[in-house]
Amino acid sequence: MGSALLRGLARAGGYHLTAIDLDPEALDAIEDAVDETSEDVAAAREADIVVLAVKPDVAPAVLDELDLRGGQQLVTLAAGLPRGFVDERTDASVVRIMPNLAAETGNMAAAATNAGLTDEVREMLDAVGEFVEVDESLMHVSTAVNGSGPAFAFYLIDAMKQGGIDGGLDPEQAETLAAQTFKGAAETVLRDDRSVDELIDAVCSPNGTTIEGMDVLWDSDADEAVEDAVAAAERRSRELAEAFDDA
Ligand SMILES: NC(=O)C1=CN([C@@H]2O[C@H](COP(=O)(O)OP(=O)(O)OC[C@H]3O[C@@H](n4cnc5c(N)ncnc54)[C@H](O)[C@@H]3O)[C@@H](O)[C@H]2O)C=CC1
Ligand SMILES: O=C(O)[C@@H]1CCC=N1
């Protein structure tokens with residue numbers, strides 16, 4: 001996730017970017033996009049904004065090493081890691097976010113906690129996509145919807161692609177048509193004032209093709225399966241958070 005954010009910010013421009021990782025291979029892989037790389041966590045003391053992008057179980061050890069100053073901003077994005085846990089272990093001001101991998105292309109959907117959110121961090125999130133400001137209690141569901149969500153969307157795109165292959169398209173054509181269709185539909189939902197039901201209606205010509213397909217979907221449990229996937233991911237985020245309860 002850290003490299004996706006760095007690549008997105010490099011693309012946006014205007015940031016001096018330092019990648020810090022213990023793994024030299026991870027640093028080699030991001031070297032082309034950043035101004036500096038370092039294996040030394042202490043390099044974070046030079047930055048205005050520090051993004052803690054390690055796995056939740058590694059975060060406590062990294063926080064012990066970081067030793068940031070007041071005046072620095074620490075952005076934590078680990079699933080389940082409570083803002084308060086981080087706040088108690090640093091002098092920096094802390095905001096918790098849930099980003100996603102589309103930061104890399106400037107299309108990230110993110111949620112950020114109201115608590116600790118500054119204009120500098122708002123500007124950084126704006127540079128790589130869209131974000132919403134929420135109470136921290138909503139970070140579990142955000143983790144499911146927009147953090148894990150890209151995987152769910154990839155799955156749905158693949159199902160659409162498979163439908164195209166079944167009808168005779170070659171796999172590459174089917175992937176282009178399916179993925180571009182999801183991209184265009186998402187863009188429409190974001191930019192058009194009409195509701196999703198109205199947009200579905202606009203595609204369904206009377207006695208046409210779309211209504212035949214929509215009838216199949218409306219009669220299926222496809223919507224429930226997606227809601228269940230979101231609920232399962234949300235549940236797991238709560239479980240991850242429990243590990244920090246007594247810490
Ligand atoms: N992968 C995703 O789509 C998303 C991930 N996240 C969050 O991002 C965090 C990282 O996840 P991924 O990027 O998937 O994992 P990853 O394993 O790809 O990246 C973690 C990086 O941390 C480095 N690392 C481990 N210990 C370190 C230490 N002590 N000091 C410095 N670097 C260290 C590793 O070498 C690795 O490069 C997790 O907390 C996850 O919940 C949040 C939203 C989306
Ligand atoms: O699967 C995970 O735990 C991370 C958090 C959200 C997306 N990836």
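Whatever order the structure lists them in is the order used to number ligands and atoms, beginning at 1.
Taking every heavy atom of D23 and a limit of under 4.0 angstrom, the matching atoms of ligand 1 come to 35 (O). Numbered from 1 in the order shown, with element, the atoms of ligand 1 that lie under 4.0 Å from a heavy atom of A79 read 39 (O), 41 (O). If you number the atoms of ligand 1 from 1 as listed, the ones under 4.0 Å from a heavy atom of L101 come out as 3 (O). Interface atoms of ligand 1 facing M98, defined by a heavy-atom separation under 4.0 Å, are 42 (C), 43 (C). Against a heavy-atom cut-off of under 4.0 Å, K55 is close to the following atoms of ligand 1: 11 (O), 12 (P), 14 (O), 15 (O), 17 (O), 38 (C), 39 (O).
Ranking the protein heavy atoms by distance from atom 9 (C) of ligand 1 puts V54 O, 3.4 Å first. Of all protein heavy atoms, the one closest to atom 8 (O) of ligand 1 is L77 CD1, 3.1 Å. Nearest to atom 19 (O) of ligand 1 among the protein's heavy atoms is A53 O, 4.4 Å. Counting protein heavy atoms only, atom 44 (C) of ligand 1 is closest to M1 SD, 3.7 Å. Ranking protein heavy atoms by distance to atom 30 (N) of ligand 1, first place goes to L22 CG, 3.4 Å. Residue, atom and distance of the protein heavy atom nearest to atom 1 (O) of ligand 2 are S148 OG, 4.7 Å. Annotation: atom 4 (C) of ligand 2 to nearest protein heavy atom, A79 CB, 4.9 Å. Ranking the protein heavy atoms by distance from atom 26 (N) of ligand 1 puts V58 CG1, 3.5 Å first. With respect to atom 36 (C) of ligand 1, the closest heavy atom belonging to the protein is D21 OD2, 3.4 Å.
The presence of a protein heavy atom under 4.0 Å from atom 7 (C) of ligand 2 is confirmed.
The distance criterion of under 3.5 Å between nitrogen or oxygen atoms is not met by N100 with respect to ligand 1.
Around CG of N207, the count of heavy atoms belonging to other residues, nucleotides or ligands within 6.0 Å does not exceed 12. Residue D192 places its CG atom among more than 12 non-hydrogen atoms of other residues, nucleotides or ligands, all under 6.0 Å distant.
A salt bridge links E187 with R191: the closest approach of a Lys/Arg side-chain nitrogen to an acidic carboxylate oxygen falls below 4.0 angstrom. A salt bridge links E175 to K161: one of the charged nitrogens lies within less than 4.0 Å of a carboxylate oxygen. Using a 4.0 Å cut-off between charged nitrogen and carboxylate oxygen, E130 and R122 do not count as a salt-bridge pair. Ion pair D228/R235 not flagged as a salt bridge, since none of the NZ, NE, NH1 or NH2 atoms sits closer than 4.0 Å to an Asp/Glu carboxylate oxygen.
Using a 4.5 Å heavy-atom threshold, the side chains of F131 and I97 count as separate. Residues T76 and V94 are in side-chain contact: their nearest non-hydrogen atoms beyond the backbone lie under 4.5 Å apart. No side-chain heavy atom of T113 sits less than 4.5 Å from a side-chain heavy atom of D135.
Residue contact check for ligand 1: A61 places no non-hydrogen atom closer than 4.0 Å to it.
Side-chain atoms of T90 do not come within 3.5 Å of backbone N or O of D87 as any donor-acceptor pair.
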